[in-house]
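One-based numbering, in listed order, for ligands and for the atoms of each. Since we're looking at a predicted model, the values are computed, not measured.
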Amino acid sequence: MTSSRIYLDYAATTPVDPDVVAAMVPFFSSAWGNSSSIHAAGRAAKVALEQSRLAIAEGVGADPSEITFTSGGTEADNHALKGLAFAVRKKTGRSHILVSAIEHHAVLDSAEALQGHGFSVDLIPVDAAGRIRMDELERLLTADTAVVAVMHANNEIGTIQPIADIVRCVHEHNALLHMDAVQSLGKIPLDLHALGADTAALSAHKIYGPKGIGALYIRKGVEADALIHGGAQERNRRGGTENVPLIVGFAAAMRKAIALCGHSRAAAEVLGKRMRVKLAERWKFVFFNGDGAERLPHIVSVSFDGKAVSLDGESMLMNLDLRGIAASSGSACSSGSLKISHVLKAIGRDEATARATLRFSFGRDTTLDEIDAAVAALGSMIDVHEK
Ligand code: PLP
């Protein structure tokens with residue numbers, strides 16, 4: 001970002017931290033061996049690979065043998081859902097899948113793809129704050145349920161799920177739980193062994209690491225079929241030469257994110273509070289999505305009541321962009337599409353209000369002045385659209 005522009009879309013992606021770039025450079029320029037080769041160059045790459053795996057495992061309360069590198073969060077979600085579904089069906093014949101109604105499309109679309117392979121899929125509804133309805137989860141779990149997917153924290157509204165309770169319930173029905181932890185990683189403490197999820201998806205580019213690298217956590221003893229075949233890498237779990245520079249970058253980003261987590265969280269809480277107070281002071285017809293639930297502090301999802309204003313998120317975003325401010329209307333992946341967000345629909349927002357929704361998300365460099373500037377920029381747009 002140039003200094004005159006204000007970036008409030010860190011949940012979409014973050015810049016790569018300069019320390020992360022510095023950690024990666026040698027693995028592009030001098031230590032470029034293939035980690036599967038047995039000569040010295042290969043062994044040096046292998047050492048870096050395994051040190052990185054260890055750092056990532058330690059950062060999320062896992063064992064290094066439980067970490068498989070992937071091309072990002074999307075691949076990790078695909079691998080978990082499809083890999084678990086096929087492995088469980090082979091072993092038990094179960095062919096029912098449950099996914100929360102507010103999952104990222106990497107999960108929703110993987111579940112949909114599995115329908116083409118004979119699996120049945122149901123959505124678990126959420127309450128008005130975006131929390132899983134535990135009564136509905138109980139009702140939907142059957143003796144045929146193989147896999148349940150519930151994300152740790154939502155990318156659009158920031159709601160954090162009570163994963164340990166959900167895991168308990170899912171395990172009581174002898175099903176497996178996949179947890180997308182892409183947004184929670186580095187934002188709140190993440191202890192995978194304590195939470196008890198069977199698989200979890202991680203991604204580097206939300207924590208100041210490079211794009212195109214992530215990891216799938218597979219709890220010891222859990223079987224998941226491979227998604228990508230073609231080599232014995234990653235303990236036969238994911239074929240393909242490991243991308244050592246990006247993996248080293250992911251580990252460097254993880255170390256820093258874990259070290260800064262407490263501080264970043266406190267700073268985000270101050271920023272979020274400022275934005276919410278300023279918006280609520282100025283307009284009576286704002287809703288903060290996810291209110292009432294435990295939430296990620298760096299995401300503020302604000303909806304303007306469709307009965308009070310005629311606005312849509314896309315034109316608000318374009319207007320903000322013209323004023324040098326970057327935000328999002330929902331998830332980055334769905335912006336550009338005219339469909340209203342499935343997350344806002346699931347928490348019960350009507351169509352006009354869902355359209356008049358913006359997501360602001362903060363990063364390490366976000367300042368109170370930037371928050372004030374964003375609210376001021378919104379002011380001149382919203383007032384003219386008041387009904
Ligand atoms: N899951 C969630 C919750 C996300 O927010 C994202 C990215 O937006 C992904 C998965 C996909 O991760 P990646 O961009 O690394 O493929």
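- For atom 1 (N) of ligand 1, the nearest non-hydrogen atom from the set Asp180, Ile213, Val107, Asn154 comes from Asp180.
- Counting the atoms of ligand 1 from 1 in the order shown, those under 4.0 Å from a heavy atom of Asp77 are 1 (N), 10 (C).
- By the 4.5 Å heavy-atom criterion applied to side chains, Thr199 and Leu176 are not counted as neighbours.
- Considering backbone and side-chain atoms together, Ala12 places no N or O closer than 3.5 Å to any N or O of ligand 1.
- Atoms of ligand 1 found under 4.0 Å from any heavy atom of Thr74 (numbered from 1 in listed order, with element): 11 (C), 12 (O), 13 (P), 16 (O).
- Those atoms of ligand 1 that come under 4.0 Å of a heavy atom in Gly72, given as number and element, are 15 (O).
- Below 4.0 Å from some heavy atom of Ser203 lie the following atoms of ligand 1, by number and element: 13 (P), 15 (O).
- Gln161 contributes a side-chain N or O that, together with a main-chain N or O of Gly130, makes up a donor-acceptor pair within less than 3.5 Å.
- Listed by number with element, the atoms of ligand 1 under 4.0 Å from a non-hydrogen atom of Gly73 are 12 (O), 13 (P), 15 (O), 16 (O).
- For the residue pair Asn78 and Ser110, a side-chain donor N or O sits within less than 3.5 Å of a side-chain acceptor on the partner.
- Not counting sequence neighbours, the partners of Asp321 by the salt bridge (Lys or Arg N to Asp or Glu O under 4.0 Å) test are Arg5.
- Interatomic distance, CG of Asn155 versus OG of Ser184, reported as 11.0 Å (0.5 Å rounding).
- Contacts of Lys211 with ligand 1, taken as heavy-atom pairs under 4.0 Å, are absent altogether.
- Under 4.0 angstrom from ligand 1, there are no non-hydrogen atoms of Ala106.
- When each atom of ligand 1 is checked for a heavy atom of Gln183 under 4.0 Å away, the hits are 3 (C), 5 (O).
- Paired with Val148 under the rule side-chain contact (heavy atoms from CB on, under 4.5 Å), one option of Leu141, Val167, Leu84 passes, and it is Leu141.
- Note: Phe119 CZ to Phe86 CZ = 5.0 Å, rounded to the nearest 0.5 Å.
- Near His205, meaning under 4.0 Å from any of its heavy atoms, are these atoms of ligand 1: 13 (P), 14 (O), 15 (O).
- Scanning all heavy atoms of the two residues, the minimum distance from Val16 to Pro210 falls at CG2-CA, 3.9 Å.
- Comparing Glu75, His104, Met151 by heavy-atom distance to atom 2 (C) of ligand 1, the nearest is His104.
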